Amino acid sequence: DVKVTQSSRYLVKRTGEKVFLECVQDMDHENMFWYRQDPGLGLRLIYFSYDVKMKEKGDIPEGYSVSREKKERFSLILESASTNQTSMYLCASIPSGGGTEAFFGQGTRLTVV
Amino acid sequence: AQTVTQSQPEMSVQEAETVTLSCTYDTSESDYYLFWYKQPPSRQMILVIRQEAYKQQNATENRFSVNFQKAAKSFSLKISDSQLGDAAMYFCAYRSGANNLFFGTGTRLTVIP
């Protein structure tokens with residue numbers, strides 16, 4: 001059974017903290033994504049990685065960075081958390097080529113206080 | 001850049017009736033894939049149906065079918081014989097040839113008993 005696992009389901013952090021959200025997939029997929037989900041705005045792409053150490057900015061990269069040192073793990077980093085980064089974060093992965101659908105983690109609801 | 005538009009933030013349907021959710025997209029590519037995902041309150045994204053752009057035939061999965069109009073860049077989802085378990089957020093998604101994945105803003109479907 002394919003799986004994408006996010007390290008936390010709920011997270012509460014203080015303003016200014018450095019926050020790490022981890023995502024691990026066991027399907028050997030080349031492509032991994034971090035999205036932010038807010039009511040009325042859908043899923044907005046933060047960063048996309050198509051290979052180890054490779055990344056591309058999405059639509060809303062400001063305030064975020066990413067790390068992909070191993071193929072199976074894609075980390076989202078909030079360098080200095082702010083209250084406007086309170087949101088649901090979703091990780092996804094897909095293999096390259098073909099029309100396979102994306103596989104998602106269970107989401108991390110992050111609250112910054 | 002590709003964009004995906006869902007113009008119906010909320011829809012409702014009587015149990016056992018049929019409902020259609022709308023999605024349009026913008027692209028200059030000829031080869032791509034389209035998806036509908038369901039997100040129930042558990043937050044786990046679930047694939048509902050997939051359509052390859054090169055196929056003229058509309059995809060069907062049990063009670064779910066699509067109306068894919070490539071020239072009009074339209075991809076609507078029809079749910080027949082609606083059930084209470086169909087209540088969820090529904091997202092339309094576009095997968096590009098470069099393996100990127102774009103989502104619409106979602107439609108919240110309510111099923112009325």
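Keep in mind that what you see is a predicted model, and the values were worked out from it rather than measured. Naming: A, B, ... by sequence-line order, numbering from 1 per chain.
At least one cation-pi condition fails for B/R43 and B/Y37: the charged atom is not both under 6.0 angstrom from the six-membered ring centre and inside a 45 degree cone around its axis.
Contact annotation for B/N100: both backbone and side-chain heavy atoms come within less than 4.5 Å of a heavy atom of chain A. Of the two parts of A/L41, only the backbone, made up of N, CA, C and O, holds a non-hydrogen atom closer than 4.5 Å to a non-hydrogen atom of chain B. Residue A/R44 does not touch chain B at all, counting heavy-atom pairs closer than 4.5 Å. For A/Y50, no part lies near chain B; criterion is any non-hydrogen pair under 4.5 Å. Residue contact with chain A, scored on non-hydrogen atoms closer than 4.5 Å, is absent for B/Q6. Of the two parts of B/L47, only the side chain, counted from C-beta on, holds a non-hydrogen atom closer than 4.5 Å to a non-hydrogen atom of chain A. If you measure heavy-atom distances from A/Q37 to chain B, the contacts under 4.5 Å come from the side chain alone. Proximity to chain A is absent for every atom of B/Y32, based on heavy atoms less than 4.5 angstrom apart. With a 4.5 Å cut-off on non-hydrogen atoms, A/T100 touches chain B through its backbone and its side chain both.
Sorted by first and then second residue, the disulfide bond (SG atoms under 2.5 Å apart) pairs with a member in residues 4-113 of chain A read A/C23-A/C91; sequence neighbours excluded. Sequence neighbours left out, the pairs with a member in residues 45-113 of chain B that pass disulfide bond (SG atoms under 2.5 Å apart) are B/C23-B/C92.
Salt bridge annotation for B/D86-B/R63: present, with a cationic side-chain nitrogen under 4.0 angstrom from a carboxylate oxygen. Ion pairing between A/R36 and A/D38 holds under the 4.0 Å rule for side-chain N and carboxylate O. Taking the charged nitrogens against the carboxylate oxygens, B/R50 and A/E101 do have a contact shorter than 4.0 Å, which makes a salt bridge.
Side-chain rings of A/Y89 and A/Y35 stay apart, their centers remaining 6.0 Å or farther from each other.
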